[in-house]
Amino acid sequence: MIPTPIESRTSPARGPRAAARVGAALGAAIAVCFVTGLLSHWIQHPPTWFAWPTHPVWLYRVTQGAHVISGTMAIPLLIVKLWTVYPRLFTRPLLGDPLRALERASIAILVGATIFQLTTGLLNTAKYYPWKFFFTTTHYAMAYVAIGALAVHLAVKLPIVRTALSQPLNDEPTPGVGSSRRVVLAAGLGAIVAGLAVAGQTVPFLRWVAVLAPRSGEGPQGVPVNRTAEEAGVVDSARDEGYRLVVGCGGMRREFSRAELAGLRQYEVELPIACVEGWSASARWVGVRLRELLGAVGEYRGGDVRFVSLERGGIYGNSVLPQRHVVDDATLIALRVNGEELDLDHGYPCRLIAPNRPGVLQTKWLASIEVMS
Ligand SMILES: Nc1nc2c(c(=O)[nH]1)N[C@H]1C(S)=C(S)[C@@H](COP(=O)(O)O)O[C@H]1N2
Ligand SMILES: [Mo]
């Protein structure tokens, strides 16, 4: 039997017209994902030149929601895109002259890095970590690999892409494959369905279709819980009668019982918890204004503030709040949420809630607050 040449298996559906359109959508999704991911990284590990504002308070909710939604939408787009081009991935010679070898190497890196980013990201939103490496650093480093390979790929393919985009889609159904218009429609539909499946965890009116959103509104007091008091091992220390919040400011140090905190002037703010995993929920928080609490201890002369949780060990037990957020009126040490005493799982006896911050930095079960010198 004579083997069929690979080209004969490529149909109009697998041609550059569909591939270029699906690729353009995939590129756009990856670009949104990359930029919003960088922002999230810089907020959590701020370089000296980076300043993230306190307002609008919902900005991180939007950027991180967009990160997870665009990443999820990219998955069906990538699958269809690979389907449109895969016979070409195996054309001979596999490597060929140096230029061709370079181009193919960049495609291998691009495909590998993109699959890696989308799978680790998706599993992370599901809070499933079947790997040994630390998610954030690897996901961050790999983003540069993917975006670099994408830039090379685009530069190489630009002439083909431009021609392909200027040509109409093929309506002729090819036996066994279909028309290129259908391919593009299927990719678009897949992306929309995938996007809708997660969007509900951050867009309230889409909640009912959010089949892929693991935490979209359930949880005590109408707010999802990332890690419970039991998982954090703080049930006893949080309920302890002798609980005191230690606050250090201006060279002074003072301890507050929960009753003393409740005796200070209380403020109410409406602020979202916006988890890096993409879910978010707005709530009404009541508590002490951080600036006033610091003022009750000593003179605040500026500087970032460190928050330490009763939770020992683990990487979520402390956070640093930049000065810009320290002096913001909306930054509270919350004692209540949505009209009730803070649930143990939401950080009782008290927790930090600051505007426009990733959820991971809204430290729960506070043990101490200290102005860093
Ligand atoms: N001490 C402590 N604080 C924490 C966490 C934690 O694991 N330990 N999780 C953080 C994360 S990742 C999020 S999204 C928010 C969630 O707050 P909630 O559980 O009250 O909704 O709490 C943050 N504060
Ligand atoms: Mo989170």
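Everything numeric here is computed off the predicted structure, so don't read it as measured data. Read the numbers this way: they start at 1 and go in the same order the structure lists the ligands and their atoms.
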By ring pair (Phe, Tyr, Trp, His ring centres under 6.0 Å), which residues pair with H41, not counting sequence neighbours?
H45, Y140
side-chain hydrogen bond (donor to acceptor under 3.5 Å, both in side chains) assessment of S40 paired with Q44
CA-CA 6 Å; S40 185; Q44 291 173 72; 3.1 Å; yes
Charged N to carboxylate O below 4.0 Å: is that the case for E103 and K157?
yes
Distance-only polar pair, side chains of T363 and S319, donor-acceptor under 3.5 Å
yes
Inspect the contact between K364 and E311 and indicate whether a charged nitrogen and a carboxylate oxygen are less than 4.0 angstrom apart.
no
R254 and E260 ion-paired at < 4.0 Å:
no
Students should find this: residues with any non-hydrogen atom under 4.0 Å from ligand 1. What is the answer?
V223, P224, V225, N226, R227, I273, C275, W279, S309, E311, Y316, D345, H346, R351, G359, V360, Q362, T363, K364, W365
